[in-house]
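What you see is a predicted model; the values in this text were computed from it and never measured. We're numbering straight along the sequence, starting at 1. Excluded from the calculations below are hydrogen atoms, water molecules and symmetry mates; all remaining heavy atoms, backbone and side chain alike, are included.
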Amino acid sequence: MEQQNTRMNMADIPFEKLEKAGIDRNFVSRMESRELTDFLNGFRSDKLYTINARINDQDYKIPAKIRLQQGEDGKVDVKVHPIQRLFVPDEYLGHKFTKEEKGALLNDKNLGKTVELTGRDGKKDTYYLSIDPKTNELIPLRAKHIQVPDKIKGVALTSEQKEKLAAGQKVTVDGMLGKNNKKFGATLQVNAAERNISFSNFKQEKMQKSEDLKPEKSKGAKPKVG
């Protein structure tokens, strides 16, 4: 599959290193188009992979996410992100968390607002913060990488709804269309770990026929990759 406008390409993937780590080189063929594009842009994989690890002279197989990282010399390496203990530090990238902010991250997995962080490049910027539900890592995402759309699932957002979403807050939207044009409502919020606008608290709207509503999983607003 040919990928366009990505930081790295298929030829850059260090398949030999991945095979030594226990990952079959055909794993990319099982990735969906968007997942592969994100992976080639240096984002963490959506899925967990079983990685060979040696700890205290003992061999283990551990679940972890993987990502590609390109060095200043242009060489691409693989970074491993194993499952961690769920924990929010007192300070992260220059931001000191309040008790309320820690509670939001631990309970909702999203901070619920944007904050100024100092990136690893030493520059300050506005970020969303979430906890990866699979690895328990804190995931920052520059706010400029998310574009809130004018319409979601057939419903035009109000200016207030767009402003709240852009600020990282929760917004309830009703009348959206799911599979088979069935209407539903849900709570929307920017999710830094998923790099999209996530849906939760689904509710079926009243219809003439009593049927179970199973809205399709939304991928949310596509981020602008910088």
Side-chain angles (χ1 to χ4, degrees), residues 1 3 6-95 97 101-111 117 119-121 127-142 145 189-196 198 200 217 219-220 223 225:
M1 181 184 301
Q3 297 294 313
T6 54
R7 296 174 184 170
M8 292 158 278
N9 55 53
M10 294 283 285
D12 294 322
I13 300 176
F15 288 108
E16 290 185 2
K17 289 185 178 180
L18 285 165
E19 287 181 325
K20 287 182 179 179
I23 301 177
D24 189 304
R25 68 171 52 224
N26 292 323
F27 77 99
V28 291
S29 66
R30 296 187 288 271
M31 286 184 168
E32 296 180 357
S33 177
R34 183 194 169 196
E35 182 183 4
L36 179 56
T37 297
D38 286 347
F39 186 65
L40 293 175
N41 275 317
F43 292 114
R44 291 166 177 79
S45 61
D46 286 348
K47 302 178 181 69
L48 290 169
Y49 294 90
T50 301
I51 305 294
N52 298 328
R54 190 168 183 79
I55 304 173
N56 295 329
D57 296 326
Q58 294 290 324
D59 293 324
Y60 297 91
K61 290 186 180 294
I62 61 174
K65 286 191 173 186
I66 57 174
R67 68 180 173 91
L68 301 177
Q69 180 170 291
Q70 192 168 36
E72 294 181 358
D73 59 359
K75 292 184 179 180
V76 177
D77 201 359
V78 178
K79 296 298 180 182
V80 176
H81 297 270
I83 296 174
Q84 303 178 2
R85 178 174 64 90
L86 182 58
F87 171 74
V88 178
D90 293 333
E91 185 174 342
Y92 180 75
L93 297 179
H95 177 77
F97 291 112
E101 289 172 341
K102 285 188 176 184
L105 284 168
L106 291 172
N107 295 324
D108 295 337
K109 300 298 187 291
N110 291 313
L111 185 59
L117 301 177
R120 292 178 175 82
D121 57 3
Y127 286 79
Y128 299 106
L129 265 180
S130 300
I131 290 179
D132 188 310
K134 293 181 179 178
T135 64
N136 292 329
E137 290 178 284
L138 264 177
I139 306 296
L141 178 68
R142 283 187 170 89
H145 287 172
Q189 188 176 29
V190 171
N191 187 318
E194 300 293 337
R195 301 180 302 282
N196 63 16
S198 63
S200 62
K217 184 179 180 182
K219 293 184 178 179
V225 179

S.K.: Taking ring-ring contact (aromatic ring centres under 6.0 Å, His included) as the cut-off, I'd like each qualifying pair that reaches into residues 44-75, sequence neighbours left out, listed once.
M.R.: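 Residue pairs passing ring-ring contact (aromatic ring centres under 6.0 Å, His included), neighbours aside: F27-Y49.
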S.K.: Ignoring hydrogens, what is the shortest heavy-atom contact between K134 and D132? Give both atom names and the distance.
M.R.: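 Residues K134 and D132, closest heavy atoms: N-OD1, 2.7 Å.
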S.K.: Can you measure from CZ (R195) to CD1 (I139) and round to the nearest 0.5 angstrom?
M.R.: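 It is 9.0 Å, given to the nearest 0.5 Å.
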S.K.: Without hydrogens or angle criteria, can the side chains of N110 and S130 be said to hold a donor-acceptor pair below 3.5 Å?
M.R.: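 Per modelled atom types, N110 and S130 side chains form a pair under 3.5 Å.
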S.K.: Which residue pairs pass the salt bridge (charged side-chain N to carboxylate O under 4.0 Å, His left out) test when at least one of the two sits in residues 21-31, sequence neighbours left out?
M.R.: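 Qualifying pairs, neighbours excluded: E19-R25.
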S.K.: Please report the C-alpha distance between T135 and Q84 in whole Å, then the side-chain angles of each, then the deciding distance to 0.1 Å, and finally whether the side chain to side chain contact (heavy atoms under 4.5 Å, CB included) criterion is met.
M.R.: CA-CA 6 Å; T135 64; Q84 303 178 2; 5.7 Å; no
S.K.: If you look at every heavy atom in Y127 and G119, which pair is closest and at what distance?
M.R.: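 Closest approach of Y127 to G119, heavy atoms only: OH-CA, 3.7 Å.
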S.K.: So with a 6.0 Å cut-off around CZ of R54, is the heavy-atom count from everything else above 12?
M.R.: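 Atom CZ in R54 is packed in, count exceeds 12.
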S.K.: Between CG of L138 and CG of L105, what distance do you get to the nearest 0.5 Å?
M.R.: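 Result: 6.0 Å between the selected atoms.
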S.K.: As an exercise, state the distance from CE of M31 to CG of D46, rounded to the nearest 0.5 Å.
M.R.: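 One finds 7.5 Å between CE of M31 and CG of D46.
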S.K.: CG of L117 to CZ of R120: how many Å apart, nearest 0.5 Å?
M.R.: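 Between L117 CG and R120 CZ, I get 10.0 Å after rounding to 0.5 Å.
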S.K.: For the residue pair L129 and P140, what are the closest heavy atoms and their distance?
M.R.: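 Of all heavy-atom pairs spanning L129 and P140, the closest is CD2-CA, 3.8 Å.
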S.K.: I'd like to know if K65 and D38 make a salt bridge, using a cut-off of under 4.0 Å between side-chain N and carboxylate O.
M.R.: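 Looking at D38 together with K65, the answer is no, because their closest N to O distance does not fall below 4.0 Å.
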S.K.: Closest approach of L106 and K109, non-hydrogen atoms and distance?
M.R.: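 In this case the closest contact between L106 and K109 is O-NZ, 3.3 Å.
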S.K.: Stepwise, does the side chain to side chain contact (heavy atoms under 4.5 Å, CB included) test hold for L48 with I83?
M.R.: CA-CA 9 Å; L48 290 169; I83 296 174; 4.3 Å; yes
S.K.: Output the distance between atom CD1 (I13) and atom CZ (F15), rounded to the nearest 0.5 Å.
M.R.: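 Output value for this atom pair is 4.0 Å.
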S.K.: Can you check whether V76 reaches Q69 side chain to side chain, under 4.5 Å on heavy atoms?
M.R.: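 V76 vs Q69: side chains apart.
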S.K.: If you count heavy atoms of other groups shown closer than 6.0 angstrom to NZ of K20, is the number above 12?
M.R.: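 No, the 6.0 Å shell around NZ holds no more than 12 heavy atoms from other groups.
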S.K.: For I131 and V88, what are the C-alpha separation, side-chain angles and deciding distance, and is it a side chain to side chain contact (heavy atoms under 4.5 Å, CB included)?
M.R.: CA-CA 9 Å; I131 290 179; V88 178; 4.1 Å; yes
S.K.: Under 3.5 Å, side chain of D12 to main-chain N/O of M8, donor-acceptor pair present?
M.R.: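 A pair under 3.5 Å: no.
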S.K.: Could you name each residue pair satisfying salt bridge (charged side-chain N to carboxylate O under 4.0 Å, His left out) that touches residues 79-94, not counting sequence neighbours?
M.R.: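 Applying salt bridge (charged side-chain N to carboxylate O under 4.0 Å, His left out) to every pair that reaches into residues 79-94, excluding sequence neighbours, yields D90-K102.
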S.K.: When you look at F39 and L68, which way does the side chain to side chain contact (heavy atoms under 4.5 Å, CB included) test go after all the steps?
M.R.: CA-CA 7 Å; F39 186 65; L68 301 177; 3.7 Å; yes
S.K.: Can you confirm whether more than 12 heavy atoms, excluding those of D121, are under 6.0 Å from its CG atom?
M.R.: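 For D121, atom CG is crowded (more than 12 foreign heavy atoms under 6.0 Å).
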S.K.: So, for F97 and P89, which heavy atoms are closest and what is the spacing to 0.1 Å?
M.R.: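 So the two residues come closest at CD1-O, 3.1 Å.
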S.K.: Side chain of N9, backbone of A11: donor and acceptor closer than 3.5 Å?
M.R.: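 Here the side-chain-to-backbone pair exists.
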S.K.: Checking the side chain of N52 only, and the main-chain atoms of K61 only, is there a donor and an acceptor separated by less than 3.5 Å?
M.R.: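 The answer is no, because no donor-acceptor pair under 3.5 Å joins these two groups.
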S.K.: Can you tell me how far apart CZ (F43) and CD (E35) are? Round to the nearest 0.5 Å.
M.R.: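 Nearest 0.5 Å value for the CZ-CD distance: 13.5 Å.
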S.K.: May I ask you to check whether R67 and H81 show a side-chain donor-acceptor distance below 3.5 Å?
M.R.: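 The criterion, which ignores hydrogens and geometry beyond distance, is satisfied for H81 and R67.
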S.K.: Without swapping roles, check the side chain of S45 against the backbone of I66 for a donor-acceptor pair under 3.5 Å.
M.R.: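 It does hold such a pair.
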S.K.: Under a 4.5 Å cut-off applied to non-hydrogen side-chain atoms, are L18 and V78 in contact?
M.R.: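 The answer is yes; the side chains approach within 4.5 Å.
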